[in-house]
Amino acid sequence: MKGRELVFPVLLAAAATGIGAASLEKEKHHGAHHLLDSPITRNGSTLLLDGKPWKGVGANIYWLGLDENVTPPAGEPYYAPLKASYPTKGRITEAMAVVKAMGGTMIRAHTLGVSTGNPLSVMPAAGQVNERAFDTIDWAVWQARQHGLRLLVPLTDNFDYYHGGKYNFLRWAGFDLTQQRDSSNPLVSSFYTNATVVASFKEYIRVLLTHVNVYSNLTYAEDPTIFAYETGNELTGPVWGDMNVPAAWVREIGAYVKELAPKKLFLDGTYGVNKTHLAVDEVDIFSNHYYPVSISKLRADLDLVVTVNKPYYAGEYGWLGGTSASSDADLASWYKVLEQSPHVMGDTFWSLFGHNVPDCQAFVNHSDGFTMQYGNPAHAAQIRLVRQHFVKTSTGVSISANETLPAVPCPAPV
Ligand SMILES: *[C@@H]1O[C@H](CO)[C@@H](O)[C@H](O)[C@H]1NC(C)=O
Ligand SMILES: *[C@@H]1O[C@H](CO)[C@@H](O)[C@H](O)[C@H]1NC(C)=O
Ligand SMILES: *[C@@H]1O[C@H](CO)[C@@H](O)[C@H](O)[C@H]1NC(C)=O
Ligand SMILES: *[C@@H]1O[C@H](CO)[C@@H](O)[C@H](O)[C@H]1NC(C)=O
Ligand SMILES: *[C@@H]1O[C@H](CO)[C@@H](O)[C@H](O)[C@H]1NC(C)=O
Ligand SMILES: *[C@@H]1O[C@H](CO)[C@@H](O)[C@H](O)[C@H]1NC(C)=O
């Protein structure tokens, strides 16, 4: 039953995209099950799946574990002060089907790892574990596996968002700091330097990575679906853009993640490529975020990372392409640069939303100006371009940017 369940969605998704029939035959022959059980590994600046180069392209879907955009029906868990609620399982499955239809291979998902400080979190308060929070996380990890997608998961966030971040660990240790009031207070660096705070962050990581998924009986540490953990999202010190994250802290967190999960890759989540981190052996992948896309900034980052023969990843970018004076590229030119460098392991746009499943009558909206909704006619032309890039990167096949987008039913089949 497990085997059939694993193969079916792969077939379905391949039929939907109309591509990759040959590689699918190979997967079947090889056993899709076997491929899903294989970890992504690194050889120099190349990531490999079963000895063959693997590229990670797809979407940021930050709300898979906990959302802030939907008021649930009365009686469902809801934390009103932060508008926090669990997404429906149908929303999670639809999002996976969309990434697959777009030719994606991975998802970067904040709330599968960042879940601290409110009653619906994995860790509402220091040392307190809320098992209910794992329902959506387990389902998302399982559904990613069913769809043949890999996950990259940040462990905390630089900001005081609804899903939590570094300020929770600071406050738990008695530092009276909030992002709104204190983001430029030098004491925020205690997150990296104070032994009590570092120990409580590591305890959180232990709780997360040793959790057993009810759908697979695998811990997150064991499950190769999560191919990499990231220190955190857009980590900085007290000055915006300072990249002031101690290399020693990156090393310590990386070593701890690898102690718990020896086959996991590890990503430096510093906001920017910090030269002093290049020598940290524990880091497998370096990355940066681009608002708006900028080829000159990308080339500068790549030039640094290439010197240590490790892969580079564009973790976030505005999918609308150039939208301001600081942009030097449209999306198509940006993608060309990413496709042409052998040191780029992939990229994930910001950010994907779907329908209000199970109703399926409307899209869930989010107001940051970067919300992509597959099936929204206003986004279709741009989505075709993104899909062309994903298909090219993940399969080598060139499709027309005019190709009709495959339909993804709502609700999507489980
Ligand atoms: C790893 O990289 C080295 C150097 O580029 C290459 O010679 C070797 O074949 C690669 N190994 C695999 C398994 O791809
Ligand atoms: C770290 O934080 C704890 C808790 O607030 C405090 O007692 C301790 O003095 C701090 N350590 C250093 C070296 O500042
Ligand atoms: C997980 O393991 C338990 C105990 O061995 C077993 O009863 C259960 O059926 C397993 N569940 C799955 C989904 O494999
Ligand atoms: C890089 O990290 C080091 C600590 O390892 C820090 O001192 C420095 O301020 C950071 N930023 C830059 C731009 O190097
Ligand atoms: C999202 O916005 C669209 C356009 O304004 C609207 O039609 C739709 O109902 C909204 N979705 C929800 C769930 O309210
Ligand atoms: C795509 O469509 C545009 C406008 O509809 C057309 O100008 C262009 O030639 C088409 N490109 C391809 C490759 O079919």
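Whatever order the structure lists ligands and atoms in, that order sets their numbers, starting from 1.
A heavy-atom separation below 4.0 Å is not found between Thr270 and ligand 4.
Residue Gln388 holds its CD atom at 10.5 Å from CZ of Arg384, rounded to the nearest 0.5 Å.
Ring geometry for Phe134 against Tyr220 counts as tilted: the plane angle lies between 30° and 60°, on a 0 to 90° scale. Using the six-membered ring where Trp is involved, His163 and His110 have ring planes that are tilted, between 30° and 60° apart. Trp319 and His379 have perpendicular rings, their planes meeting at more than 60° on a 0 to 90° scale where under 30° would count as parallel.
Ligand 4 places these atoms under 4.0 Å from at least one heavy atom of Met243: 1 (C), 2 (O), 10 (C), 11 (N), 13 (C). Atoms of ligand 1 found under 4.0 Å from any heavy atom of Asn43, numbered from 1 in the order shown, are 1 (C), 2 (O), 3 (C), 8 (C), 10 (C), 11 (N), 12 (C), 14 (O). Interface of Val245 with ligand 4, defined as ligand atoms under 4.0 Å from a residue heavy atom, comprises 2 (O), 4 (C), 5 (O). Near Asp242, meaning under 4.0 Å from one of its heavy atoms, ligand 4 places the atoms 10 (C), 11 (N), 12 (C), 13 (C). Heavy-atom proximity to Pro246, at under 4.0 Å, picks out these atoms of ligand 4: 4 (C), 5 (O).
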Just the distances, no angles: every ligand 2 N or O to protein N or O pair closer than 3.5 Å, one line each.
from, atom 1, to, atom 2, distance (Å)
ligand 2, 2 (O), Asn194, OD1, 3.1
ligand 2, 2 (O), Asn194, ND2, 2.4
ligand 2, 5 (O), Ala173, O, 2.6
ligand 2, 11 (N), Asn194, ND2, 2.8

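Between Glu316 and Ser351, every side-chain heavy-atom pair lies at or beyond the 4.5 Å cut-off.
A salt bridge links Glu203 to Arg206: one of the charged nitrogens lies within less than 4.0 Å of a carboxylate oxygen. Classification of Asp160 and Arg181 as a salt-bridged pair fails, no side-chain N sitting under 4.0 Å from a carboxylate O. Using a cut-off of 4.0 Å between Lys/Arg side-chain N and Asp/Glu carboxylate O, Asp268 and Arg251 are scored as not salt-bridged.
Residue-level proximity to ligand 4 for Ala247 is carried by backbone and side chain together, each with a heavy atom below 4.0 angstrom. By the criterion of a heavy-atom distance under 4.0 Å, the side chain of His277, and not its backbone, is placed next to ligand 4.
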Go through it in stages, so that I can follow the logic: the residues are Asp223 and Lys263, the test is salt bridge (Lys or Arg N to Asp or Glu O under 4.0 Å), and I'd like the CA-CA distance, side-chain angles, deciding distance and then a yes or no. CA-CA 9 Å; Asp223 191 340; Lys263 291 185 177 166; over 6 Å; no
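Across Leu151, Leu265, Leu209, Ile205, a single residue satisfies side-chain contact (heavy atoms from CB on, under 4.5 Å) together with Tyr229, and that is Leu209.
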